[in-house]
S.K.: 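Dropping a structure here in C-alpha cells format, bear with me for questions.
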Amino acid sequence: MDNQDLRKAGLKVTLPRVKILQQLESSESRHLSAEDIYKALMEAGEDVGLATVYRVLTQFEQAGIVLRHNFEGGSAVFELADEGHHDHMVCTETGEVIEFVDEEIEKRQKMIADKHGYDIVDHALVLYVKPKRK
C-alpha cells in the first residue's frame with residue numbers, strides 16, 4: 001500500500017497514517033495490537049501518541065485497509081486487509097496467531113449454509129489451540 005491507496009480510501013495522507021501503515025507492512029507479525037504499533041514507533045524515534053495510533057487504526061478499519069480481530073483473552077489485533085480469505089488458530093498459552101486455509105473446511109461451511117437455505121456472506125473461523133503434550 002502507498003499514499004495513493006490512502007487517498008483512494010478517502011483518507012488524507014498524514015505522517016502518522018503513513019508511519020502506522022509502514023509499521024503494519026514491515027512487521028514480521030501480521031497481527032499487531034495498537035500497543036505493538038505504538039511501541040515500535042517509539043523505538044524508531046517517531047513522535048506518534050497511543051491515542052493517535054488507536055484513532056488511525058479505527059479510520060483504517062472503517063476504510064477497509066485493516067481488519068480488526070478480537071480474539072478471546074487478548075486485546076484487539078489488526079492485520080492488513082490485502083490478503084485473501086484465511087482462518088485463524090490462536091494459542092491459548094502464548095497468544096500466537098497462526099493463519100491457515102483449508103479448502104475442505106470452506107466446502108463444508110458452504111454445504112451447511114446451502115442445506116439450511118442460505119448463502120455465506122462472510123465468516124470468521126477461529127480455533128483456540130494449545131501445544132500437544134508429549
Side-chain angles (χ1 to χ4, degrees):
M1 288 203 148
D2 59 18
N3 294 351
Q4 198 63 25
D5 293 315
L6 287 175
R7 285 190 197 94
K8 282 182 196 166
L11 297 171
K12 198 162 85 173
V13 177
T14 64
L15 192 58
R17 286 182 182 142
V18 170
K19 294 293 181 190
I20 292 167
L21 188 57
Q22 287 172 343
Q23 196 58 49
L24 285 162
E25 290 176 329
S26 66
S27 174
E28 286 183 21
S29 173
R30 285 197 24 86
H31 303 87
L32 297 170
S33 69
E35 291 82 4
D36 293 334
I37 294 169
Y38 173 71
K39 286 177 193 166
L41 291 170
M42 292 299 292
E43 288 170 9
E46 301 294 342
D47 187 24
V48 178
L50 183 57
T52 299
V53 173
Y54 275 106
R55 187 175 62 255
V56 168
L57 287 171
T58 299
Q59 292 165 349
F60 283 1
E61 181 185 14
Q62 291 169 345
I65 294 170
V66 299
L67 300 173
R68 175 193 305 253
H69 299 288
N70 291 299
F71 299 129
E72 285 179 30
S75 57
V77 293
F78 299 84
E79 71 175 310
L80 288 172
D82 59 354
E83 295 288 315
H85 172 76
H86 58 268
D87 295 309
H88 297 95
M89 289 190 295
V90 179
C91 178
T92 58
E93 292 182 9
T94 65
E96 179 185 8
V97 179
I98 302 105
E99 296 178 353
F100 71 94
V101 175
D102 185 296
E103 292 307 318
E104 284 301 311
I105 290 174
E106 299 303 317
K107 286 179 195 170
R108 292 284 300 142
Q109 290 174 127
K110 184 178 179 340
M111 286 172 49
I112 291 166
D114 286 346
K115 179 180 169 185
H116 292 276
Y118 292 95
D119 289 320
I120 296 174
V121 177
D122 192 16
H123 80 276
L125 174 66
V126 180
L127 304 175
Y128 294 93
V129 299
K130 65 181 182 180
K132 289 185 181 228
R133 302 290 180 227
K134 294 183 180 188

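Basis for what follows: all heavy atoms, side chains included, without hydrogens, waters or symmetry-related copies.
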S.K.: When you compare the side chain of Ile37 with that of Lys19, does any pair of heavy atoms fall below 4.5 Å?
M.R.: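 No, their side chains stay 4.5 Å or more apart.
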S.K.: Going by side-chain contact (heavy atoms from CB on, under 4.5 Å), name the residues that satisfy it together with Ala44, two or more places apart in sequence or in a different chain.
M.R.: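 Testing Ala44 for side-chain contact (heavy atoms from CB on, under 4.5 Å), a comparison that skips the adjacent residues, returns Glu46.
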S.K.: What's the verdict on side-chain contact (heavy atoms from CB on, under 4.5 Å) for Leu127 and Ile98, showing C-alpha distance, side-chain angles and the deciding distance?
M.R.: CA-CA 10 Å; Leu127 304 175; Ile98 302 105; over 6 Å; no
S.K.: Hey, what do you get for CG (Leu41) to CG (Asp47), rounding to the nearest 0.5 Å?
M.R.: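 Going from CG on Leu41 over to CG on Asp47, the span is 10.0 Å.
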S.K.: For the residue pair Leu11 and Ile65, establish whether any side-chain heavy-atom pair is separated by less than 4.5 Å.
M.R.: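 Yes, at least one pair of side-chain atoms sits under 4.5 Å.
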S.K.: Under 4.5 Å between side-chain heavy atoms, counting indirect links through other Ile/Leu/Val/Met/Phe/Trp/Tyr residues: same cluster for Leu24 and Val18 or not?
M.R.: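 Yes: a chain of side-chain contacts under 4.5 Å links Leu24 to Val18.
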S.K.: Between Cys91 and Lys130, what is the shortest heavy-atom contact and its length?
M.R.: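 Shortest heavy-atom contact: SG-CA, 4.5 Å.
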S.K.: Give, for atom CG of Asp87 and atom CZ of Phe100, the distance between the pair rounded to the nearest 0.5 Å.
M.R.: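 Answer rounded to 0.5 Å: 4.5 Å.
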S.K.: Using every non-hydrogen atom in the two residues, find where His88 and Val97 come nearest and quote the distance to one decimal.
M.R.: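 Distance-wise, the nearest heavy atoms are CD2-CG1, 3.6 Å.
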S.K.: Can you name the closest pair of heavy atoms from Val53 and Ile20 and give their distance?
M.R.: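 Of all heavy-atom pairs spanning Val53 and Ile20, the closest is CA-CD1, 3.7 Å.
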S.K.: Go through the steps to decide whether Phe71 and His69 satisfy the test ring-ring contact (aromatic ring centres under 6.0 Å, His included), and finish with yes or no.
M.R.: CA-CA 6 Å; Phe71 299 129; His69 299 288; 5.2 Å; yes
S.K.: Test side-chain contact (heavy atoms from CB on, under 4.5 Å) on His85 and Val101 and set out the steps.
M.R.: CA-CA 8 Å; His85 172 76; Val101 175; 5.9 Å; no
S.K.: Quick one: closest heavy-atom pair of His116 and Ile112, and the distance?
M.R.: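 His116 and Ile112 have their closest heavy atoms at CD2-O, 3.0 Å.
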S.K.: Within a reach of under 6.0 Å around CG of Asn70, are more than 12 heavy atoms found that belong to other residues, nucleotides or ligands?
M.R.: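 Yes.
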S.K.: Minimum heavy-atom separation for Leu57 to Val66, with atom names?
M.R.: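 Looking at all heavy atoms of both residues, the shortest contact is O-CG2, 3.8 Å.
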S.K.: Where do Val126 and Val90 land on the side-chain contact (heavy atoms from CB on, under 4.5 Å) test, with the steps shown first?
M.R.: CA-CA 7 Å; Val126 180; Val90 179; 3.9 Å; yes
S.K.: Distance check, rounded to the nearest 0.5 Å: Lys115 atom NZ versus Lys110 atom NZ?
M.R.: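 Result: 14.5 Å between the selected atoms.
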S.K.: Looking at OG1 of Thr14 and CD of Gln59, how far apart are the two atoms once the value is rounded to the nearest 0.5 Å?
M.R.: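 It is 7.5 Å, given to the nearest 0.5 Å.
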S.K.: Under a 3.5 Å distance rule, please check whether Thr58 uses its side chain to pair with a backbone N or O of Tyr54 as donor and acceptor.
M.R.: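 Such a contact is found between Thr58 side chain and Tyr54 backbone.
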S.K.: Tell me, which pairs form a side-chain hydrogen bond (donor to acceptor under 3.5 Å, both in side chains) where one or both residues lie in residues 36-45, sequence neighbours left out?
M.R.: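 Sorted pair list: Ser33-Asp36.
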S.K.: Mind listing the closest non-hydrogen atom pair of Ile120 and Ala113 along with its distance?
M.R.: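 Between these two residues, the closest heavy atoms are CG1-CB, 3.6 Å.
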S.K.: Step through the shown structure and confirm whether more than 12 heavy atoms of other residues, nucleotides or ligands are within 6.0 Å of CZ on Arg108.
M.R.: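 Result for CZ/Arg108: open.
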S.K.: Out of curiosity, Glu79 CD to Arg68 CZ, how far, rounded to the nearest 0.5 Å?
M.R.: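 Reported value, rounded in 0.5 Å steps: 13.0 Å.
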S.K.: Under 3.5 Å, side chain of Arg17 to main-chain N/O of Lys12, donor-acceptor pair present?
M.R.: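 Answer holds: yes.
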S.K.: So does Glu93 have more than 12 non-hydrogen atoms from other groups sitting under 6.0 Å from CD?
M.R.: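 Atom CD in Glu93 is packed in, count exceeds 12.
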S.K.: Measuring from atom CD of Glu106 to atom CG of Leu125, what distance do you get when rounded to the nearest 0.5 angstrom?
M.R.: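 Atom-to-atom, Glu106:CD and Leu125:CG are 8.0 Å apart.
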S.K.: State, yes or no, whether a side-chain contact exists between Leu80 and Leu21 at a heavy-atom distance under 4.5 Å.
M.R.: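 Yes, their side chains come closer than 4.5 Å.
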